[in-house]
2 protein chains.
Amino acid sequence: MNKTSKIPVPTIERLALYSRPLENLLDNGVLVISSVKLADLCGVNPAQVRKDLAYFGEFGTRGVGYDVQDLLKEIKRILATDREWALCIVGIGNLGNALVENENFRKRGYKFLAAFDSDPRKVNRVLYCGLTIKPASKITQLVRELHIEIGVIATPPFEAQKVTNLLIDSGVKAILNFAPVQVRAPEGCLVENVDFTVRLENLAYHIREPL
Amino acid sequence: MNKTSKIPVPTIERLALYSRPLENLLDNGVLVISSVKLADLCGVNPAQVRKDLAYFGEFGTRGVGYDVQDLLKEIKRILATDREWALCIVGIGNLGNALVENENFRKRGYKFLAAFDSDPRKVNRVLYCGLTIKPASKITQLVRELHIEIGVIATPPFEAQKVTNLLIDSGVKAILNFAPVQVRAPEGCLVENVDFTVRLENLAYHIREPL
DNA sequence: GTTCAATTGTGAATTTTTGCACATAGTAGG
DNA sequence: CCTACTATGTGCAAAAATTCACAATTGAAC
Ligand SMILES: NC(=O)c1ccc[n+]([C@@H]2O[C@H](COP(=O)([O-])OP(=O)(O)OC[C@H]3O[C@@H](n4cnc5c(N)ncnc54)[C@H](O)[C@@H]3O)[C@@H](O)[C@H]2O)c1
Ligand SMILES: NC(=O)c1ccc[n+]([C@@H]2O[C@H](COP(=O)([O-])OP(=O)(O)OC[C@H]3O[C@@H](n4cnc5c(N)ncnc54)[C@H](O)[C@@H]3O)[C@@H](O)[C@H]2O)c1
């Protein structure tokens, strides 16, 4: 196949999913893995794994499977996690703090280069990760200077749209929003809204007594 | 239609999505909303909104729209957020702490009744929300006693599967896992794995320079 | 070197989800 | 009561995503 023509959106999500167990396998010295085993580790159908990968090339060897290291490298190349991304975070409350201090992001190439808060009591505080909290008024200037491409929002919901607009004006290309509102962005800026309670409500629906 | 026969999974997710702006509208005294406006607020197609709702009944008035209060009540009934759910959380690190202290959960009926950590330095600490951190060794006992139905995992990844097994043995019906591994559960226990870096990788893929 | 078992890559069938388009029904104004 | 307008509910078609099923290819054993 090998054509970037029409890649299903879910395929991209699954590629990210595949990379987690692949990293573990690599660490544990496993050299080769079959689509059946990988699918099993990720809870998907083996044909799905093969098809997802086939959109981007022929990475496997028939009769053998996929070379773990090669496959991981390919997936990282596809997802552009073989480079570093410049991030900023707005809103250093409980959640914002947990996000900035978390090492998973850095390990995958997502680097927080700036942290903003509007609370004067928080401004100038130095975070454990070494960043100094900057006032929200500096967002535009710093995002431009540091060439920040992705903005993360962890402010209360009623501030989220304002912050979004500010970030977009400052030139970010994408936004990951943790406030429980659907923020809107013009064409050309991508937004992912993450809402934990949606996940919970999904669970609740499925385990509740039937209507 | 009105048959619970075959509800698309995405429909359930969108119902949760619809409820957010509906709550705002209710607070702002808006009495009625059309599928077009609601769809716009949620970034989906209006026919989708109508179809999603139609799976569960006829909640609207032709020529008028949907009564905001009624619709919200119906959605909450469908998603079983018109009742309270008993939750526990395992792993009170940065993220666990943010989750347990967050009020959104409580507001939607998700109540943390117990918080566990294996670190002896954390055990017995009293959280801002009033809970006392209990040792992980008490999980089974307390989950049973408090009739906890949903377990939230915020431990490091290599502990997540162990904790999952423990929670399932203790009788929880569903698990929300924030550790970046795909934890597995037998039939009968539902698992949602939330991985922020997957969201980021999705964004990165779409804004990167094409391959 | 021939056979056998394993596993990929993929066309085609199937299933799921979305969106159009319109008949249907309610409201308001005269 | 009739007309004009609005917005729902839904049959049906289109699109998207998943899964099946098998030919093609590889490695290994004998
Ligand atoms: N804590 C969680 O587990 C959790 C879970 C899901 C969603 N969320 C959402 O994430 C957001 C943050 O949650 P939290 O628990 O950290 O809340 P929080 O109240 O602890 O933190 C919010 C922070 O944002 C800052 N802020 C407010 N307006 C700002 C602005 N305009 N610019 C910059 N900073 C601003 C505040 O000063 C504060 O430090 C909320 O919208 C919350 O609903 C949190
Ligand atoms: N912090 C974030 O923003 C973030 C984002 C995404 C994912 N995560 C994931 O969430 C998890 C928690 O993140 P964190 O930043 O809070 O980490 P953390 O290290 O601050 O906290 C982990 C906590 O779990 C406890 N713990 C370890 N093993 C346990 C066990 N068997 N039983 C009970 N408690 C146990 C530890 O004592 C610690 O308090 C990690 O898997 C992390 O990768 C965190």
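Below, chains carry the letters A, B, ... as their sequence lines are ordered, and counting in each starts from 1. No experiment lies behind these values; they were computed from the predicted model shown.
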Return the 5'-most residue of the pair B:Gly60, A:Val44 with respect to DNA chain D, ranking by each residue's nearest nucleotide.
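Per heavy-atom nearest nucleotide, the more 5' residue is B:Gly60.
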
For the residue pair B:Phe196 and A:Phe196, does the interplanar ring angle fall in the parallel (under 30°), tilted (30 to 60°) or perpendicular (over 60°) class?
parallel

Tell me, do [X] and [Y] make a side-chain contact under 4.5 Å, heavy atoms counted?
{"X": "A:Val152", "Y": "A:Phe178", "result": "yes"}
{"X": "A:Leu166", "Y": "A:Val143", "result": "no"}
{"X": "B:Phe116", "Y": "B:Ile89", "result": "no"}
{"X": "A:Tyr110", "Y": "B:Glu201", "result": "yes"}
{"X": "B:Ile150", "Y": "A:Ile207", "result": "yes"}
{"X": "B:Arg20", "Y": "A:Thr197", "result": "yes"}
{"X": "B:Cys88", "Y": "B:Phe112", "result": "no"}

Whole angstrom is fine here: how far is it from [atom1] in [X] over to [atom2] in [N]?
{"X": "B:Phe56", "N": "D:dT8", "atom1": "CZ", "atom2": "C1'", "result": "17 Å"}
{"X": "A:Lys51", "N": "C:dA13", "atom1": "NZ", "atom2": "C1'", "result": "11 Å"}
{"X": "B:Leu71", "N": "D:dT8", "atom1": "CG", "atom2": "C1'", "result": "12 Å"}
{"X": "A:Arg14", "N": "D:dA17", "atom1": "CZ", "atom2": "P", "result": "9 Å"}
{"X": "B:Asp52", "N": "D:dG9", "atom1": "CG", "atom2": "C1'", "result": "13 Å"}
{"X": "B:Glu13", "N": "C:dT18", "atom1": "CD", "atom2": "P", "result": "10 Å"}
{"X": "A:Phe59", "N": "C:dT8", "atom1": "CZ", "atom2": "C1'", "result": "13 Å"}
{"X": "B:Asn45", "N": "D:dT8", "atom1": "CG", "atom2": "C1'", "result": "14 Å"}

Consider the side chain of B:Pro10, meaning its heavy atoms from C-beta on, and name the nucleotide among D:dA17, C:dT17, C:dT10 that approaches it most closely.
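Selected nucleotide: C:dT17.
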
Any side-chain N or O of A:Tyr66 below 4.0 angstrom from OP1/OP2 of C:dG9?
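Yes, within the criterion.
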
Hey, is the side chain of B:Lys6 poking within less than 4.0 Å of OP1 or OP2 on C:dT16, counting only N and O atoms?
yes

Show your reasoning for whether side chain to side chain contact (heavy atoms under 4.5 Å, CB included) applies to A:Lys111 and A:Leu87.
CA-CA 6 Å; A:Lys111 288 198 171 179; A:Leu87 272 62; over 6 Å; no

For every nucleotide of nucleotides 21-30 of chain D, 5' to 3': is a protein heavy atom under 4.0 Å from its base (B), only from its sugar-phosphate (S), or from neither (-)?
B--BBBS---

Any residue in residues 17-43 of chain B with a heavy atom nearer than 4.0 angstrom to DNA chain C? Just list them by number, or reply none.
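By residue number: none to list.
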
